[in-house]
There are 2 protein chains.
Amino acid sequence: MSTMIETETAADLLRSHSLRVTAPRVAVLRELSAIPHADVDSIARATRERLGSVSTQAIYDILAVLSVNGLVRKFGPAGHPARFELELGDNHHHLVCRTCGTMIDVECAPGKAPCLDAADDHGFAIDEAEVIYWGICPACAATAVAATT
Amino acid sequence: MSTMIETETAADLLRSHSLRVTAPRVAVLRELSAIPHADVDSIARATRERLGSVSTQAIYDILAVLSVNGLVRKFGPAGHPARFELELGDNHHHLVCRTCGTMIDVECAPGKAPCLDAADDHGFAIDEAEVIYWGICPACAATAVAATT
DNA sequence: CACCAGAACTTGAATCAGTCAAGAGAAGGG
DNA sequence: CCCTTCTCTTGACTGATTCAAGTTCTGGTG
């Protein structure tokens with residue numbers, strides 16, 4: 001588990017975006033800071049452990065609000081349920097294993113913030129470039145070799 | 001409609017990958033060459049128009065096979081159903097409107113094929129870098145302004 | 001050219017992520 | 001402390017995708 005942010009920090013985050021401070025929202029923010037690439041289900045379970053009971057719908061609502069307000073990033077590799085992470089402004093990217101779905105953060109290639117610009121924006125107001133590196137993780141590669149042998 | 005590939009071309013594509021040549025597969029390949037960012041439903045409907053009747057399950061199976069064999073790329077912006085396109089080796093990227101979902105191809109920034117390398121591959125065998133530019137398309141931007149007024 | 005084995009396709013049911021809608025409940029300004 | 005409004009709960013529902021069993025067809029073989 002990474003370092004979970006404090007309750008007060010989460011509350012301040014909400015206030016600074018003019019959002020109401022509620023127990024479920026604070027809990028979701030805290031769990032997001034602790035779980036690397038959380039899907040809705042993980043967040044729901046972790047939040048319930050902390051608060052006793054929270055509806056799944058509330059989790060969806062909360063994530064949608066946080067997302068719209070730029071507090072969290074939502075991303076979703078094709079074929080996998082949506083995942084969420086706190087928006088830290090570092091525009092890092094993700095490395096995903098095609099076989100097991102394992103996901104790892106990777107830095108944007110150092111010294112280049114280039115991925116933010118498309119060659120031609122076709123008139124769109126681009127606000128984010130999402131990069132997903134697809135590959136096979138070491139563990140799955142080993143398994144594949146073993147199966148072939 | 002873009003230029004649809006010939007039946008014989010599609011069949012050759014399949015043979016060159018040691019895949020059986022069947023009417024549904026040929027039809028799906030042809031439709032993929034004609035429909036820009038086809039989702040399963042579009043492909044299914046177009047294929048049925050051509051062949052009379054094909055099960056949805058067959059479409060999924062075919063797309064899965066083509067995908068595994070590198071004939072098509074599957075990609076899926078979070079919150080949208082999966083989309084498919086013929087793998088042309090040009091590693092272009094996609095521009096997606098957050099509001100209406102419109103999708104447009106964009107070139108990889110000219111002169112740079114850099115997006116293919118992550119700063120640190122964590123031992124993964126990376127075979128593809130998928131880039132999604134998120135933004136608001138001109139049409140939706142106009143609508144938003146109108147609503148505010 | 002007919003035959004066979006395995007690969008593809010059909011059908012129908014089931015699962016899972018995510019959404020919709022109506023009402024009960026709390027946050028925060030006055 | 002009260003009221004308005006936003007939030008959360010409950011329960012039903014849709015749409016995408018998958019599972020499973022059985023039939024059909026492709027491509028290699030004798």
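Letters A, B, ... mirror the listed sequences (proteins, then strands); counts begin at 1. Keep in mind the model is a prediction, meaning the values are calculated, not measured. Heavy atoms only: backbone and side chains are in, while hydrogens, waters and symmetry mates are out.
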Whole-Å gap separating C1' (dA7(C)) and NE2 (H17(B)): 18 Å
Should R73(B) and E128(B) count as an ion pair when the cut-off is N to O under 4.0 Å? yes
Any chance you could list the contact pattern along nucleotides 5-16 of chain D? Use B for base contacts, S for sugar-phosphate-only contacts and - for none, protein heavy atoms under 4.0 Å, 5' to 3'. BBSSBBB----S
First locate atom CD of E87(B), then atom CG of L71(B), and finally report the distance between them rounded to the nearest 0.5 Å. 9.0 Å
Return the angle between end axes of the helix from dC1(C)-dG30(D) to dG30(C)-dC1(D), with five pairs used per end and rounding to 10°. 30°
Give the C-alpha distance, both sets of side-chain angles, the deciding distance and a yes or no for side chain to side chain contact (heavy atoms under 4.5 Å, CB included) between L66(B) and K74(B). CA-CA 10 Å; L66(B) 296 180; K74(B) 171 181 182 177; over 6 Å; no
Between atom CZ in R48(B) and atom P in dC9(C), what is the gap in whole Å? 13 Å
Could you tell me if the side chain of I62(B) sits less than 4.5 Å from the side chain of P24(B), heavy atoms only? yes
Apply side chain to side chain contact (heavy atoms under 4.5 Å, CB included) to V96(B) and Y133(B), showing your working. CA-CA 6 Å; V96(B) 183; Y133(B) 295 101; over 6 Å; no
Atom CZ of R83(A) to atom P of dG18(C): distance rounded to whole Å? 11 Å
How long is the gap from SG on C137(A) to CE on M103(A), to the nearest 0.5 Å? 12.0 Å
Run the side chain to side chain contact (heavy atoms under 4.5 Å, CB included) test on I136(A) and F124(B) for me, step by step, so that the C-alpha distance in whole Å, both residues' side-chain angles and the decisive distance to 0.1 Å come before the verdict. CA-CA 5 Å; I136(A) 309 292; F124(B) 278 52; over 6 Å; no
One should read off an interatomic distance between H94(B) NE2 and R83(B) CZ, to the nearest 0.5 angstrom, of 9.5 Å
